[in-house]
Amino acid sequence: MPQYLIAGQHPPDLCPAANETVRKLAHEGAGEIAGLAEKLGVKLNATYVPMNNHMVFAAVEADDMSTVREFAFQSRLGQWNTIDIYQVSTLEEALTKVNELPTIY
C-alpha cells in the first residue's frame, strides 16, 4: 500500500498552545483520528508534533492520494493548518530505486 506523509503548518495565533478554540478542536480531532482512519481505510502509522515550529505530521498508508486527502480534510487538520501531502518511500526503497538510474556525475 502506498505511503504518505501529511505535513501541516500553522501560524502562532492558530497554535493549540496559544488559541483556546484550536486547542479544543485539536483535542477533539485527536480523539477521533484513529476511528476516522479506520472508516476511510487509512492505516495511521504515526503522528508527530515537533513542538517548537508550529507543525504537525502524520505518516499514513492508503490505496490512493484522494483517500489521504479526504482523511486530512475530515480530520479537520486543514481548518488550522496549511496541509501538504507527499507520497513517500522508505530510505531502503529509495536507495533500491535509484540504482535503476544511470548516474550523471
Report the distance from atom [atom1] of [X] to atom [atom2] of [Y], rounding to the nearest 0.5 Å.
| X | Y | atom1 | atom2 | result |
| --- | --- | --- | --- | --- |
| Q87 | M65 | CD | CE | 6.0 Å |
| E28 | L25 | CD | CG | 6.5 Å |
| Y4 | E61 | OH | CD | 10.0 Å |
| I33 | L77 | CD1 | CG | 5.5 Å |

How close do [X] and [Y] get, counting heavy atoms only, and between which atoms?
| X | Y | result |
| --- | --- | --- |
| F71 | L36 | O-CD2, 3.9 Å |
| I83 | A72 | CG2-CB, 4.3 Å |
| P12 | A18 | O-CB, 3.8 Å |
| N45 | V60 | ND2-C, 4.1 Å |
| V22 | C15 | CG1-C, 4.4 Å |
| L44 | A58 | CD1-CB, 4.3 Å |

Problem - Geometric class of the W80/H10 ring pair [parallel <30°, tilted 30-60°, perpendicular >60°] - result: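 Tilted.
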Handout entry: ILVMFWY network linking M51 to V56, side-chain heavy atoms under 4.5 angstrom
Key =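 Cluster IDs for M51 and V56 match.
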Taking C-beta and beyond as the side chain, do [X] and [Y] meet within less than 4.5 Å on heavy atoms?
| X | Y | value |
| --- | --- | --- |
| E92 | L95 | no |
| E32 | R76 | no |
| L5 | F57 | yes |
| Y105 | T103 | no |
| K39 | Q74 | yes |

Problem - Electrostatic pair E20-K24, nearest N-O below 4.0 angstrom - result: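 Yes.
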Practice task
May I ask you to check whether over 12 heavy atoms, not counting those of Q9, lie within 6.0 Å of atom CD?
Solution key: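 Yes.
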Exercise for the section: Decide if atom CZ of F73 counts as having more than 12 heavy atoms of other residues, nucleotides or ligands within a radius under 6.0 Å. Expected result: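 At most 12 heavy atoms, drawn from other residues, nucleotides or ligands, come within 6.0 Å of this atom.
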Exercise for the section: Measure from the side-chain N and O atoms of N19 to the backbone N and O of D13, and report whether any donor-acceptor pair falls under 3.5 Å. Expected result: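 Between the backbone of D13 and the side chain of N19 there is a qualifying donor-acceptor contact (under 3.5 Å).
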Handout entry: Flag, side chain of E38 to backbone of G35, donor-acceptor distance under 3.5 Å
Key =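 No, the answer is negative, given that no donor and acceptor are paired below the 3.5 Å cut-off.
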